[in-house]
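Quick caveat: nothing in here was measured; it's all calculated off a predicted structure. In what follows, every chain begins at residue 1, and chains take the letters A, B, ... in the order their sequences are listed.
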Number of protein chains: 2
Amino acid sequence: MMSSVPTPLSAYEGSCLETDEGRAIRDILDRVGDKWSLLIIGTLSAGRLRFGELQSHIPGISQRMLTLTLRQLERDGLLTRTAHAEVPPRVEYELTETGRTLIEPSTALAAWAITNQSLIAAAREAFDQTAAARAKRRADGGQRSHPG
Amino acid sequence: MMSSVPTPLSAYEGSCLETDEGRAIRDILDRVGDKWSLLIIGTLSAGRLRFGELQSHIPGISQRMLTLTLRQLERDGLLTRTAHAEVPPRVEYELTETGRTLIEPSTALAAWAITNQSLIAAAREAFDQTAAARAKRRADGGQRSHPG
DNA sequence: CAGAATCCGCAGGGATACTG
DNA sequence: CAGTATCCCTGCGGATTCTG
C-alpha cells in the first residue's frame, strides 16, 4: 500500500506544479509547445537558414506565423536574426547556444512521435469503435425494454 | 539540387516535415503540446491517481479541461480509465506502457524549462530594452535628421 | 465524487493586401 | 524577398449548472 499520493517524477519533484518551478514549466511549455516553435527549432538545428527557406521547409506555416514565432524565439534568446543590407533583402536565422540546448529534448519528443504514431493511430481507432458501440447500446437499450 | 540547405537533425532526417513523418510530428505535437497533456502525463508518472487528486495536483486546470484532456489521452492509448462501481464514485487514471514511454522525453523538456527559465527571462528583458530603444530612436529621428 | 452540458469571451492563427 | 497590417473566424478553454 502507499501513502495516499505517490511522488512525482524527478523534474517535477518538489514542485508538484504548484511552485515557481511549476509555473516555469507551464510558461516555457506554453512558449515551446505552441504550434510552430519546435518545428522551427528542429528545422534550424541544421544550421543557419533564410526566411524563405524556413517557410518552404515547414509546409503548413503562414508568413504571419513564421514571422511571429521567429520574433518570439528571438526574444527568448533561442535564435538570432541577421538582416543583410542588400537588395533584395536577405535575413538569416540561426540558433543560439541556448537554442541549441533545446534540440536534444525536442528531438527526443519528435522521435517519440514517429515511433509511436502507428500505435496511437490504432489506439484511436479502437477507442472510437468501442465508444460508438457503447453509444449505440445506450441508444437501443436506454429508452426502455423494446426498441422496435 | 538543393545542396544549399544543410541537413536537418536526426529525428527530422528524411522527413523535412514534408512527408507523413513530418505530419506525424505535427500531429503528436498538437496533441501532446497542448495546454495540459504533458502536465497530466507528468503528474501521472507517479502512479495511479483519482480524478480529484489529479485536479488538486494541477492547480490551474478546470474540471472541464481535465476531463477533456483525459479523454483525449485515453483515446490515444496513453492512459487507462478505471471506474469503480461504488458510491460515491471513484475513477482512477493510470499511464499505459505507451504513456510511460512519453515520460522520459517530456521530463527532459520540463528539466530544460527549469534549467533555462532565468536565461530566457533575462533574454526577454534585454530584447524588450533594445526594442524599446529602437522604437524611441525611430520616433525621434524618424521625422527628422537630428534627434536633439 | 466524477462528469456532461451549456454559454461565452477571447486569443491563435489563416488569408489577403500592402510596403521597403 | 521579407516582412507589416488588417480582417475574420474557429475552437480553446474558463465559469457555471445539472446529473448519476
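Rounded to whole Å, the distance from CZ on B:Arg71 to C1' on D:dG13 is 17 Å. The CD atom of A:Glu53 sits 11 Å away from the P atom of D:dC1 (whole-angstrom rounding). Atom-to-atom, CD of B:Gln55 to P of D:dG14 comes out at 11 Å; the value is rounded to the nearest Å. In this entry the distance linking CZ of B:Arg134 with C1' of D:dT4 reads 15 Å, nearest Å. As rounded to whole Å, 14 Å separates atom P of D:dC1 from atom CG of A:Leu66. The distance from atom CG of A:Leu68 to atom C1' of D:dT6 is 13 Å, rounded to the nearest whole Å. Rounded to whole Å, the distance from CE on A:Met65 to P on D:dT6 is 18 Å. Between the CZ atom of A:Arg90 and the P atom of D:dA2 there is a distance of 9 Å, rounded to whole Å.
Closest approach of B:Glu53 and B:Leu49 over heavy atoms only: OE1-CD2, 3.2 Å. Scanning all heavy atoms of the two residues, the minimum distance from B:Gln55 to B:Ile61 falls at NE2-O, 4.0 Å. Shown here for A:Leu109 and B:Pro105, the closest heavy-atom pair between the two residues is CD1-CB, 3.7 Å. A:Phe127 and B:Arg71 make their closest contact through CZ-O, 4.5 Å (heavy atoms, listed as atom of the first residue, atom of the second, distance).
Taking the charged nitrogens against the carboxylate oxygens, A:Glu92 and A:Arg50 have no contact shorter than 4.0 Å, which rules out a salt bridge. Under a 4.0 Å N-O distance rule, the pair B:Arg100/B:Glu97 qualifies as a salt bridge.
Taking five base pairs at each end of the helix from C:dC1-D:dG20 to C:dG20-D:dC1 and finding the rotation axis that steps the C1' atoms of four pairs onto the next four gives two axes whose angle is 40°, to the nearest 10°.
When DNA chain C is scanned 5' to 3' for any atom under 4.0 Å from a heavy atom of chain B, the first and last hits are C:dC1 to C:dT6.
Residue A:Arg81 has a polar side-chain atom (N or O) positioned under 4.0 Å from OP1 or OP2 of D:dG3.
Side chain of A:Thr96 to main chain of A:Leu78: a donor-acceptor pair is present (N/O by atom type, distance under 3.5 Å, no hydrogens or angles). Without hydrogens or angle criteria, A:Asp34 side chain to A:Trp36 main chain gives a donor-acceptor distance under 3.5 Å. Put simply, the side chain of B:Ser37 gets close to the backbone of B:Arg31: a donor and an acceptor are under 3.5 Å apart.
With DNA chain D read from its 5' end, the first of the two nearest nucleotides for A:Glu92 and A:Arg64 is the one closest to A:Glu92. Checking B:Tyr93 against A:Lys35, the closest nucleotide of DNA chain C that is more toward the 5' end is the one next to B:Tyr93.
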